[in-house]
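Right, one structure below, let's go through it.
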Amino acid sequence: MAGPLASVRWRLFFAVAALVVVPFPGSAADNRVGAGTSSAGSAPLDITAERIDYRQEEDVFEANGSVVIQQGTIKLTADHATIQALPGILTAVGHVHLTDPQADVTAERMDLNINTEAGVVTHGRLYVPTTNSSISGGLLQRFSEYHYRAKDGSFTNCDAQDGEVPAWRFRFKDLDLTLGDTLGLKGTWFCVLDVPTIPVPFFSYPMNRRRTGFLMPIPTYDNRFGFHVKQSFFWAINPSHDLTVTPSYYSNLGYGSDFLYRYALDRRSRGQWFVSYLQQLELPNVSGASESGQPAKEGRAVLTGTHTQYITDTLLLRANANLLSDPQILNQLSNSGALRALPSSESNFLATQRLPYGNLYLLGLYLQPLQLGGADTFQRLPEAGYNLPYVSLFNSPVLFGMDGQQVYWFRQEGFTLSRINVVPGISTEVFHLGRMIGLRPQAKFREVYYTRGIQNDEAQNRETFWLGLDATSKLARRFPLADGNSLLHTIEPRVTYEYVPVTNQSNLPQIDAVDDLPGKNLLTYMLRSRLLESGKRNAFNWLDLMVAQSYHVGDVQTMAADYDSGVPPAIGTITQPLQPATVPIQGKRFSDIWMRAVIGNNLPSQFGLSQMGAPIFGPASQAWALRPPINRYLTIDAFVDPYQLGFSQINTDLRFQEGTNWYVEVGQRYARDGSRVRRGDIWNAISFNEVFAPANGILFATMGGAFRTPWGWTFGAKAYYDVESGLVPEVDTVALYQNPCKCWSVGFYFMKFPDREQYSFMLSLTGIGWTEDSGTRVIRTLLSPLLWGERGLPWAAPGGPYGLPPQAAETGETLPGAQTGR
C-alpha cells in the first residue's frame, strides 16, 4: 500500500509519553514531583505520510515524507518512520519531534520498544514546559518506566532557543534519573553563559517533594559577628516527620547549630519545634555587652515551638513555647527590632473542651522577663475556666450567660495566691421601637474571691455589678451607578449607658483587669459610617469612619495610674507592683473624641479555593499568607481633645501603589505631652472611662517603598525616624535582580541599626533552590507587593519557583494545575 498523503489506522498501543514525563528537581526539604501516565491510553494509532509502504512478509510499516504519528494526545513527527509490528519497534529518523501535553522531545533519531517501553534517543533534547526545564544529551536512554540515563549533555531552566546560550546550565558526563527518587550528575560543571565556573564532581538532589539531603549553604557577613556561614541537612524521617540540622559558624562570636523538628499527626494535629544553640567564644560586639558582666565563653540557646492537636472533635490542645537561656540574648543577637524590644517572652498551654452548652478550658501561661519583670512576676500556673454564651431561658426573650475562672498565681519570690472569679449575666433580645431603634438592657454580677490580701494572709472578696443599656440603629441606602455597579452608604449610631458602683480594692493585688474595677457612671456614643462600591466581581471601600466619645454622668476621675514612673510603689516592687503608683489629675466630663477613618481599599485580594491546599512542610508552608495589598488607602487613628480643639494623639498610614511598578508607604505616630486615654475596659471595649498618668510626647515616622526598573532590578527601602530624639533606629535597603527569563536571581540587603550593621546577598537558581537567612524576611517584606506570584524568587512564595499563571497574578486566583511550594 503506497501513495501520496497516505494514511493508515493501526490499533497498536504504546506508551512513548512516559519518556517525556520528566519532573524538575527542587530543594531537598520541599520538592514536588510532576509524574503522570501515558495520555494516549488505549487510543488507536494514526499514521499519515507522503508515502506509506507495508511489507506483509515482515509485518513492517515504512512511512516517508512529513510523517505524522498520532495516538490520543501524543503526536510524533519525523522525516522517516519504521514500525516493526512483531517485535514492537518504532524507529523515527530526521527532525524527530514528539509532543505530549506535559513535555516534548526533539532528536535526530528515536528508537522505542513498544512492548517494554524502553528506548534510545540520539542527540536529543527533552523540554518540560511546566517547569521550563531542558535536558539534552548525545544519548538519552530509558530503561524502565522510572529509570533514565543521559550521556554528555546539559541541564538548565533558562529560556534559550536553539543556538542561544542560556544564562546558566549544568554540563554533565553522565546523568542518572529515577523518578520519585533522585537525579544524579557526574563529571559536572556549573556554567555561566556557557563558561565553566564551578566544578561539581558529583551532584545529587531529590526528585520528590521531601527527600533527605543537604540544602544550599548560606554565607553572610555582619559587622558585629563577622563572617557567618551555615549548612543545613534535611532528614525526611517519614512522610509526616522531618528534622533539619543546621550547623553554623561566626568568625567573631562562636559556633553552634539550629534544630528544626516538624510533624503532622493527622490533618488537624501538627507542630514544629526549633532549638538554636550558640557556643559563644567572645562577647558580642554590641552596646552594653561588655558592661553587663556576663562571661565571654558561655552556651546560649533559644527554644520556640508550637503544637496543635485535636484529641476528639470537641477537645483541642495548643501549646506555644518561647524560652531563652538569658534575658539579653534577643537584644544582643537578634536583627529584628520587634524581638529586641520585647518586654517579656510568653509561653502558654491551652486545652479547651467544647460542651453542648458552653466551653471548658485549662490555661497555663508563663512570662519570662526580658526588659520588664523579675523573679517576683506573677505567672498563671494554671487557670481553669468555663464560658457560657448567652442562651435563652425557657424559650423566653431573657438571655443568660456566665463566665468563671480559677487562677493560681505563682512566682519564684514573694507570696502566691489563688483567685476565683464568677460573672453571671442576664440580657434580653433586642427590643425594637418602631423600625428605627433597638434597645437591649444588660446586667452582670461579679464575685471575686482571693485566698489572701496584699498586706495580710486573710482571705479577701469583692462583689460588684454592671448595668448597661444599648440603643442602636442602622440606616442604609444603595445608589445605582452608570457602569452597573452600586454604591452602598450605611450609618450605624450606637449609644451605651453603663453603671458600676465604687468598691474598695485597696487590699487587693492589681495583677490584671479583673482586679482593677473602678466605678463607672458613663454614657458613650459611637457613630460608624461606611461607603462601599460593589460590582459583580469586586468591591472597593471608599470610606469607613468611626467616631466615639464618653461622658461622665457621675464623678470625674481624680487619680491616674502611673505604670512607668520608675519609682518603687507603695506596695510591691518596680518589677512587680501589687498596686500601681498614682498621681493626681484634673478629670474632665467629656473624654477625648476617638476617630478612626479608612479611606480607600485596604483589603488584600481574595484567594481561590484551589489555594487552600497549602503545603504543610517546607518554606512554602510559611509563605501562604494573604497577597500583599495592591491598592491605595489612608488610615487615620486619632484622639481629639474637645477642650483644646487639637489632637492629643494621631497615627496615620498612607499607601499608594501603581500596579506592580512601584509603591510608597508613609506612617506617622504622634502623642503630645499629657495623659493617655485608656481604650475600653473589662465591661465594654468601646468606652473611655479613665486616662493614664501624664507622659512625655512622642513623634515617630516611617517611610518605605519599592520600584521596578526596565533592566530587571527592583529596589526597596524602609526607614524609621524618631523626630523627638533625632535618631534613626533602623534603615533597611534591598535590591533584587532577575534575569529576563527569571531562571536566576540575586538579591542584596543592607540593614543599619544604631549599634550594628548587616549586609549580605542571596542567590536563587529557579528549581534548584536559594540561599536564605535573616535578611530574607526583610527583602521579602519590602518587595513582595511588586513581585508576588512571580517565578524565580529567592524565597518561598505562592506558586512555587515557577510562579502563578499570569491570570492568577492579576486576579489573585490560582488556576487548576498551578504548582505550589518550592
Checklist outcome for this item: Contacts of Asn739 meeting side-chain hydrogen bond (donor to acceptor under 3.5 Å, both in side chains) (sequence neighbours excluded), chain-then-number -> none
Checklist entry - Does any non-hydrogen side-chain atom of Asp732 lie less than 4.5 Å from one of Tyr749? => result no
Checklist entry - Knowing that exactly one of Gln649, Met595, Arg676 qualifies, which makes a side-chain contact (heavy atoms from CB on, under 4.5 Å) with Phe639? => result Gln649
Next on the checklist: Cation-pi check for Phe647 against Arg672: NZ or CZ below 6.0 Å from the six-membered ring centre and within 45 degrees of the axis, yes or no?
Outcome noted: no
Next on the checklist: Which residue in the set Arg478, Glu533, Arg477 passes side-chain contact (heavy atoms from CB on, under 4.5 Å) when paired with Leu488?
Outcome noted: Arg478
Checklist entry - Does Arg530 pair with Glu492 as a salt bridge, N-O distance under 4.0 Å? => result yes
Item to check | Closest contact, heavy atoms only, Leu793 versus Leu787 | outcome: CD1-O, 3.5 Å
Checklist entry - Any side-chain donor-acceptor pair under 3.5 Å between Glu498 and Asn684? => result yes
Checklist outcome for this item: Applying ring pair (Phe, Tyr, Trp, His ring centres under 6.0 Å) to Tyr551 and not counting sequence neighbours gives Phe590
Item to check | Verdict with reasoning, Asn331 to Leu370, per side chain to side chain contact (heavy atoms under 4.5 Å, CB included) | outcome: CA-CA 9 Å; Asn331 186 45; Leu370 300 179; over 6 Å; no
Item to check | Identified side-chain contact (heavy atoms from CB on, under 4.5 Å) partner of Val734 from the options Thr714, Ile779, Thr776 | outcome: Ile779
Checklist entry - Charged N to carboxylate O under 4.0 angstrom, Arg669 versus Asp722? => result no
Item to check | Carboxylate-amine/guanidinium contact Arg596 Asp544, below 4.0 Å | outcome: no
Checklist entry - If you look at every heavy atom in Asp562 and Ala693, which pair is closest and at what distance? => result CB-CB, 3.6 Å
Checklist entry - Are any of the side-chain nitrogens in Glu730 or Lys752 under 4.0 Å away from the carboxylate oxygens of its partner? => result no
Item to check | side-chain contact (heavy atoms from CB on, under 4.5 Å) involving Ala548 - partner list, sequence neighbours excluded | outcome: Met526, Trp594, Ile686, Phe688
Checklist entry - side-chain hydrogen bond (donor to acceptor under 3.5 Å, both in side chains) with Ser687: which of Lys520, Arg679, Gln549? => result Lys520
Item to check | Quiz item: cation-pi between Arg340 and Phe753, 6.0 Å / 45° | outcome: yes
